[in-house]
Amino acid sequence: MKKEEIKKLYKKKINQFKKNNFLYFEKNAPKISDSNFDQLKSEILELEKKFSFLKSQDSPSKVLGFKPSKNFNKVSHKKPMLSLANAFSEEDLKNFEKKIFNFLDQSQNTALEYSAEPKIDGISASLLYKNGEFVQGLSRGDGKEGEDITANLKTIKDIPKKINSKNFPEEIDIRGEVFIQNSDFETIKEKFANPRNAASGTLRQKNPEDTKKIPLKFIAYTYGFEKGMKIENQSEFLNYLDKWGFKTNPFNKTLIGIEELMKNYISIEKIRNEINFDIDGIVYKINDFKIQKRLGNVANAPRWAIAHKFSANKGVSKILDIDIQVGRTGALTPVAKIKPINIGGVVVSNATLHNEDEINRKDIRIGDVAIVERAGDVIPHVVSVDKDKRNKDIKKFIFPTKCPCGFNTVKEFNKITKKYDAVRRCPDRGFDCDKMAIEKLKHFVSKEAFNIDGLGKKIVEQFWELKLIKLPQDIFSLDYDKIEKLDGWGKLSIANLKYSIKEKTKISFERFIYSLGIRHIGLENAKLISKNLKTSSNFLNLLKNKKFEELVNIDGIGETQINSIKNFFSNKTNLNIINQLNKVLKISDASVIKKYGPLANKTFMLTGKLNGISRAEAKSLIEENSGSIVSNVSKKLDYLIVGEKPTKRKVESAKELKIKILNQQEWSKILNKSS
Ligand code: IVH
């Protein structure tokens with residue numbers, strides 16, 4: 001590239017940075033994801049490093065945040081509020097340490113002690129205390145000058161207004177993060193794109209009464225100017241913060257060396273989605289204040305600290321189309337087909353748009369540029385769209401009022417909330433709606449229902465397309481000659497399939513009810529009905545005589561479930577399915593739960609895969625023998641049953657609590673002892 005071209009590219013990136021910096025800090029309305037913003041910054045810094053002729057006052061190496069908005073009084077920070085350099089890998093951390101050793105002119109053998117603090121993604125604030133009294137609170141602003149938001153900060157319960165501890169410094173700026181807990185954000189999420197924006201917007205309301213309405217939290221982690229503080233290191237400082245009445249991050253740790261930092265990073269990233277506030281990395285600070293002082297700052301960041309960022313879980317892509325998928329119970333779910341992008345190592349090409357209301361609220365259109373988020377194992381979803389990047393002739397998305405099967409859809413009225421559902425549904429036409437039919441068949445063969453080896457969802461889809469299976473009973477009279485001719489099938493696999501289907505003609509009553517896929521009749525309700533009616537012939541009689549109301553006597557079954565069952569069996573196809581299935585299946589009666597079985601008064605938990613028995617079956621076996629299942633390892637647990645590839649953490653916690661650990665054989669022995 002020629003010099004002029006490089007300059008042009010640099011200028012373009014600087015302008016992009018300027019615009020987005022303004023949107024982020026001033027407007028609280030970022031138009032690009034945090035990770036893309038970070039990337040833009042690193043691209044600029046990279047260019048500057050490579051070509052020394054590139055310089056700009058607006059470079060991220062010069063600019064810290066944004067100039068305070070005009071709405072509040074500007075006040076200088078006595079000590080600047082610094083930024084942090086980012087690390088994305090172990091390599092980056094090693095370089096960070098190397099630079100420290102070089103600076104201190106030390107050999108690299110000494111292990112450094114760090115305070116490791118999960119980095120809350122909120123808004124930083126500096127609180128000035130004089131003689132124990134909170135006198136002034138500033139936002140960060142551009143790092144040198146902040147906004148006086150004292151009145152708003154005073155509405156936050158976590159911020160102590162008066163501190164009486166003897167050892168509290170005469171004067172000190174306590175610094176930390178203002179944020180909104182995810183659970184609190186749920187109730188206001190209509191108004192803001194994410195918890196960070198909500199915290200920022202709320203904190204800068206002109207009227208403190210408005211700020212008071214939103215539950216803001218404050219976690220303290222550092223200090224600015226101080227007079228009379230006698231503390232030697234960061235961990236000790238964090239302990240004092242607790243004693244003085246501030247909240248600190250419960251996941252803070254003191255660690256030695258990069259190996260420990262990495263272990264901690266991995267374990268925190270794993271539980272990231274379970275924490276009630278957003279964290280985007282871990283801040284590491286050299287623990288010793290004396291060493292911190294020696295290291296000092298470089299430009300706008302300290303040499304003694306770094307933010308180890310988590311991998312991005314958001315990305316930007318284009319919506320190519322919006323598909324309407326129909327679920328087993330008729331719910332119409334819009335799904336955005338996006339240009340494939342890699343988010344945190346996974347290629348994403350579909351993202352859910354939840355429902356019609358959500359599309360309207362976010363004004364999502366085909367052709368839009370969208371922010372897509374993927375968190376843990378949850379289906380990726382569209383967070384928002386960039387309206388600035390929208391082509392003028394893109395039309396509003398009109399949600400279809402018809403199901404792809406051609407039927408008019410409905411929005412149900414919820415009697416409890418007195419509102420219409422956000423979800424549009426195909427009225428429950430069961431197998432008469434092609435889209436629902438395929439989902440119902442997938443449910444029929446699923447793990448907790450028939451669980452037929454070799455007949456998974458993909459095969460069901462294929463057989464459905466080929467018209468080999470249209471209704472559940474077709475599974476039991478498959479045309480094997482036709483299947484044998486299909487790609488991937490041979491004599492052996494056909495024999496196996498035949499065998500496993502035949503095996504599943506024997507089924508428990510509760511699984512049978514569940515497999516029908518009646519709306520509102522999940523595993524638990526199927527269990528209740530089976531326990532109560534005991535035999536499938538009782539069930540068939542009830543259907544024949546339309547005595548659905550009798551089900552109301554079952555504890556746990558209410559009007560919603562009964563109406564759903566009624567509705568299900570008012571459909572002729574459904575009735576026919578039941579009759580046909582009844583001919584080919586051997587539905588066993590509900591097992592009688594032994595009150596004084598061999599596992600009486602004992603609690604169990606399962607982890608890992610058991611041999612030859614599904615998780616669901618193992619659970620019911622325990623329950624049939626009077627044992628009970630618990631869902632977490634605690635002192636209340638008597639036995640942890642461990643199969644193949646168990647969750648290590650569960651086994652470790654059980655060992656710590658001295659809970660008896662059984663392998664499958666040992667468990668079988670207990671079961672068989674008294675039966
Ligand atoms: S220390 C001198 N500690 O991260 C170091 N910052 O990019 C700067 N942050 O502006 C502050 N958790 O908003 C520090 N435990 C923590 C933090 C933390 C979150 C934020 C803060 C700061 C930004 C730096």
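Throughout, numbering of the chain's residues begins at 1 and tracks the sequence.
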* Could you go step by step and tell me if Val651 and Lys648 meet the side chain to side chain contact (heavy atoms under 4.5 Å, CB included) rule? -> CA-CA 5 Å; Val651 181; Lys648 270 193 198 139; 5.8 Å; no
Is there a donor-acceptor pair under 3.5 Å between the side chain of [X] and the backbone N or O of [Y]?
| X | Y | answer |
| --- | --- | --- |
| Ser564 | Thr560 | no |
| Thr603 | Asp638 | yes |
| Asn567 | Asn563 | no |
| Arg424 | Val410 | no |
| Asn553 | Glu550 | yes |
| Asp386 | Val369 | no |
| Thr647 | Arg649 | no |
| Ser588 | Ile507 | yes |
| Lys362 | Val382 | yes |
| Thr409 | Thr401 | yes |

Testing the basics here: between [X] and [Y], what is the closest heavy-atom pair and its distance to 0.1 Å?
| X | Y | result |
| --- | --- | --- |
| Ile521 | Ala526 | CG2-N, 3.9 Å |
| Phe407 | Cys426 | CB-SG, 4.4 Å |
| Gly315 | Ile343 | N-CD1, 4.0 Å |
| Pro472 | Leu441 | N-CD2, 3.7 Å |
| Phe509 | Ile529 | CE2-O, 4.5 Å |
| Ser628 | Ile622 | N-CG2, 4.1 Å |

So how far is it from [X] [atom1] to [Y] [atom2], rounded to the nearest 0.5 Å?
| X | Y | atom1 | atom2 | value |
| --- | --- | --- | --- | --- |
| Ile364 | Leu353 | CD1 | CG | 5.0 Å |
| Asp487 | Gln462 | CG | CD | 8.5 Å |
| Ile501 | Ser477 | CD1 | OG | 9.5 Å |
| Leu543 | Asn538 | CG | CG | 11.0 Å |
| Ile359 | Arg365 | CD1 | CZ | 12.0 Å |
| Asn451 | Ser515 | CG | OG | 12.0 Å |

Considering residues, nucleotides and ligands other than [X], do more than 12 of their heavy atoms fall under 6.0 Å from its [atom1]?
| X | atom1 | value |
| --- | --- | --- |
| Lys270 | NZ | no |
| Lys544 | NZ | no |
| Lys504 | NZ | yes |
| Lys318 | NZ | no |
| Asn391 | CG | yes |

Q.
For Lys609 and Lys645: C-alpha separation, side-chain torsions, deciding distance, then whether side chain to side chain contact (heavy atoms under 4.5 Å, CB included) applies.
A. CA-CA 7 Å; Lys609 194 186 163 332; Lys645 291 195 187 147; over 6 Å; no
Is the shortest side-chain heavy-atom distance between [X] and [Y] below 4.5 Å?
| X | Y | value |
| --- | --- | --- |
| Glu644 | Asn611 | yes |
| Glu448 | Arg511 | no |
| Leu332 | Phe399 | yes |
| Ile578 | Leu516 | yes |
| Tyr480 | Leu497 | yes |
| Phe463 | Ile483 | yes |
| Pro404 | Val326 | yes |
| Leu468 | Lys482 | yes |

| query | For the residue pair Phe450 and Phe444, does the interplanar ring angle fall in the parallel (under 30°), tilted (30 to 60°) or perpendicular (over 60°) class? | reply |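 Geometry flag for Phe444 against Phe450: parallel rings.
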TODO: Describe, in one word, how the ring planes of Phe569 and Phe548 are oriented to each other, choosing from parallel (under 30°), tilted (30 to 60°) and perpendicular (over 60°).
DONE: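 Parallel: the ring planes of Phe569 and Phe548 meet at under 30°.
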Carboxylate-amine/guanidinium contact [X] [Y], below 4.0 Å:
| X | Y | result |
| --- | --- | --- |
| Arg519 | Glu412 | yes |
| Arg196 | Asp280 | no |
| Glu549 | Lys566 | yes |
| Asp363 | Arg390 | yes |
| Glu623 | Lys531 | no |

So Ile341 and Val316, side chain to side chain contact (heavy atoms under 4.5 Å, CB included) or not? Walk me through it. CA-CA 8 Å; Ile341 40 157; Val316 178; over 6 Å; no
Practice prompt. Tell me, please, which residues at least two apart from Phe568 pass ring-ring contact (aromatic ring centres under 6.0 Å, His included).
Written response: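 None.
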Practice item. Go through the steps for Asn350 and Asp323 under the test side chain to side chain contact (heavy atoms under 4.5 Å, CB included), then give the verdict. Key: CA-CA 9 Å; Asn350 292 318; Asp323 243 21; over 6 Å; no
